[in-house]
Engineer: 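What follows is a single structure, and I will ask about it in a moment.
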Protein chains: 2
Amino acid sequence: MNTDKPLSQRKLQALQTREKLLTAGQETFLSNGFQKTTISQIIKKAQTGYGTAYVYFRNKDELFIYLMEELMNKFYTIAELPFEPITHEEARSLIRNQVQQFLQLSIKEKAMMTVIQEAKGISPSVQEKWSNIRERFISRITIDVQYAQAANLAKKSLNPHLVARGWFYANEMFMWELVHNENHYSIDDVIKNMTQMYVEGLYH
Amino acid sequence: MNTDKPLSQRKLQALQTREKLLTAGQETFLSNGFQKTTISQIIKKAQTGYGTAYVYFRNKDELFIYLMEELMNKFYTIAELPFEPITHEEARSLIRNQVQQFLQLSIKEKAMMTVIQEAKGISPSVQEKWSNIRERFISRITIDVQYAQAANLAKKSLNPHLVARGWFYANEMFMWELVHNENHYSIDDVIKNMTQMYVEGLYH
DNA sequence: AAATTTCGTTGACATGATGTCATTGACATA
DNA sequence: TATGTCAATGACATCATGTCAACGAAATTT
């Protein structure tokens, strides 16, 4: 599990400094948001000199992206959930479950998701990172749709790529809304309605 | 049509200055994007002093918002298209038509839409403006869904608010993708697939 | 038509964030 | 002990923003 680390005291300290900056960044981003967070705030909290931040990260955006990565892995796990239903009903259940996990993870990580939403509007590199997640979901959903079509569960007249994309888009937007607290709907209602529409639109 | 204008020479010049700033802004935004456009660039193109821009607009965001308004009115027209179908088929046709107009307008105004997309990620006030359009579409679609349910064309087990929201979300996201040229799909395919999924998911 | 007021216009200025770079000094190496 | 390496640093140059006191031409008053 643990690869041996031939760490000199210097390298160790460097890693610690980097880590200090990341955690200081985490805290600052969560309390101030992306836009209002400055390098000065981060290095102050990390107790390092100004230039130090630029030794480890090209800029604020890059520092933030490292913070995103851990969270992204959790999403990837959900994106890759197995999907091999035999019946219409089983399909509905698996789909509903994936939506639920996606939305619940987002809400659990609400604080960070809010900042990510803000950041992806401002920073092209953050936007691209989020785009990675999106495409990963979409290509996996595409495969699922194709599976259902091959199993004669889903209508073959529909383009699986477009179906997958449209389906994820709706999910994503509801997710941002839930994260932003602008919703006046219960999560369960959202899941139930979306799943029903999707399954009855796509499946026989 | 034309309300009488009791315009002193001063007020006239003021209006002209404002207009110069708006057109200079328009040009600059379209060629440089939102982020990279600065007040200095705008006033230089408008041939006014630096402070003048701040006389007419609180900041860059507000100037941009005035530029958005005209375009937004075109969207509102589409949002309010009449919808009173008698049959399933008529409903499908009306829906398809609305989607088509929405996407075509976006593509026709592609240059400005690209800047709007960028701006709404950066400026909260632009985001709110766009949110107005979205909610206007959604509430209108909600009414349409309710109409179809009352006419016994659509399933009554679905929540019309959530259906309308999810449907618009998918449309919006495809629209941004089309505007951004990231699409590898034809508009017609997108419209056909989305409409089919929606109608067969919602209608009996 | 002279005097006075109003107000559109202006650019210098203060502020604040960013990214760079020459320098420093503690640690590693010989 | 001497020499090198490199993590750390903060002063600096750069750039954008928003403010404000002052100017002067137009409008109004006397």
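Fair warning: this is a prediction, and the values are worked out from it, not measured in the lab. Proteins get letters first, then strands, A, B, ... in listed order; numbering begins at 1 in each.
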Engineer: Using 4.0 Å as the upper bound for N to carboxylate O, is an ion pair formed by Arg136(A) and Glu80(A)?
Structural biologist: yes
Engineer: Got a salt bridge between Glu69(A) and Lys74(A), using NZ or NE/NH1/NH2 to carboxylate O under 4.0 Å?
Structural biologist: no
Engineer: Which residues pass the side chain to side chain contact (heavy atoms under 4.5 Å, CB included) test with Asp61(B), not counting sequence neighbours?
Structural biologist: Phe34(B), Asn59(B), Ser123(B), Ser125(B)
Engineer: Chain A on DNA chain D: first and last contacting nucleotide, 5' to 3', under 4.0 Å to a heavy atom?
Structural biologist: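 It runs dG4(D) to dA11(D).
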Engineer: Side-chain N or O of Thr38(A) less than 4.0 angstrom from OP1 or OP2 on dA17(C)?
Structural biologist: no
Engineer: Sequence neighbours left out, what passes ring-ring contact (aromatic ring centres under 6.0 Å, His included) with Phe83(B)? Give chain and number order.
Structural biologist: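 ring-ring contact (aromatic ring centres under 6.0 Å, His included) list for Phe83(B), sorted by chain: empty.
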Engineer: Identify, with sequence neighbours excluded, every residue that meets ring-ring contact (aromatic ring centres under 6.0 Å, His included) alongside Tyr203(B).
Structural biologist: His88(B)
Engineer: Name all residues meeting the ring-ring contact (aromatic ring centres under 6.0 Å, His included) criterion together with Tyr50(B); count only those two or more places apart in sequence or in a different chain, and write none if there are none.
Structural biologist: Tyr54(B)
Engineer: For each nucleotide in nucleotides 21-28 of chain C, reading 5' to 3', give B when a protein heavy atom comes within less than 4.0 Å of its base, S when such contact involves only the sugar-phosphate, and - otherwise.
Structural biologist: -----BBS
Engineer: For Tyr76(A), give me all partners under ring-ring contact (aromatic ring centres under 6.0 Å, His included), at least two apart in sequence or on another chain.
Structural biologist: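 Applying ring-ring contact (aromatic ring centres under 6.0 Å, His included) to Tyr76(A) gives none.
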Engineer: Under 4.0 Å between a side-chain nitrogen and a carboxylate oxygen: does that hold for Lys120(A) and Glu128(A)?
Structural biologist: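 No, this pair does not count.
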Engineer: Does anything in residues 55-65 of chain B come within less than 4.0 Å of DNA chain D? Heavy atoms only, and list the residues if so.
Structural biologist: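 Listed by number, they are Asn59(B).
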Engineer: Taking only heavy atoms on the protein side, list every residue of residues 25-34 of chain A lying under 4.0 Å from any atom of DNA chain C, sorted numerically.
Structural biologist: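 By residue number: none to list.
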Engineer: Any side-chain N or O of Thr17(B) under 4.0 Å from OP1/OP2 of dG8(C)?
Structural biologist: no
Engineer: Could you check Asp144(B) against Arg140(B) for salt bridge (Lys or Arg N to Asp or Glu O under 4.0 Å), going step by step and ending with a plain yes or no?
Structural biologist: CA-CA 6 Å; Asp144(B) 294 347; Arg140(B) 179 51 201 254; 3.1 Å; yes
Engineer: Taking side chain to side chain contact (heavy atoms under 4.5 Å, CB included) as the test, write out the residues that go with Asn159(A), two or more places apart.
Structural biologist: His161(A), Leu162(A), Asn193(B)
Engineer: Do Phe57(B) and Phe64(B) have ring centroids that are under 6.0 Å from one another?
Structural biologist: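 That pair fails the under 6.0 Å test.
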Engineer: Measure from CZ on Arg18(B) to P on dG8(C) and round the result to the nearest Å.
Structural biologist: 13 Å
Engineer: Show me the donor-acceptor pairs within less than 3.5 Å that the side chains of residues 168-179 of chain B make with the rest of the protein, sequence neighbours left out.
Structural biologist:
| unit_1 | atom_1 | unit_2 | atom_2 | d |
| --- | --- | --- | --- | --- |
| Tyr169(B) | OH | Glu177(A) | OE1 | 2.3 |
| Tyr169(B) | OH | Arg165(B) | NH1 | 3.2 |
| Asn171(B) | ND2 | Trp167(B) | O | 2.7 |
| Glu172(B) | OE1 | Arg134(B) | NE | 2.8 |
| Glu172(B) | OE1 | Arg134(B) | NH2 | 3.3 |
| Glu172(B) | OE2 | Trp130(B) | NE1 | 2.9 |
| Glu172(B) | OE2 | Arg134(B) | NH2 | 2.9 |
| Glu172(B) | OE2 | Trp176(B) | NE1 | 3.0 |
| Glu177(B) | OE1 | Arg165(A) | NH1 | 3.0 |
| Glu177(B) | OE1 | Tyr169(A) | OH | 2.3 |

Engineer: Can you pull the salt bridge (Lys or Arg N to Asp or Glu O under 4.0 Å) pairs that have at least one residue in residues 16-36 of chain A, sequence neighbours excluded?
Structural biologist: Glu27(A)-Lys45(A)
Engineer: Would you mind reading off the distance between Gln47(B) atom CD and dT10(C) atom C1', rounded to a whole angstrom?
Structural biologist: 15 Å
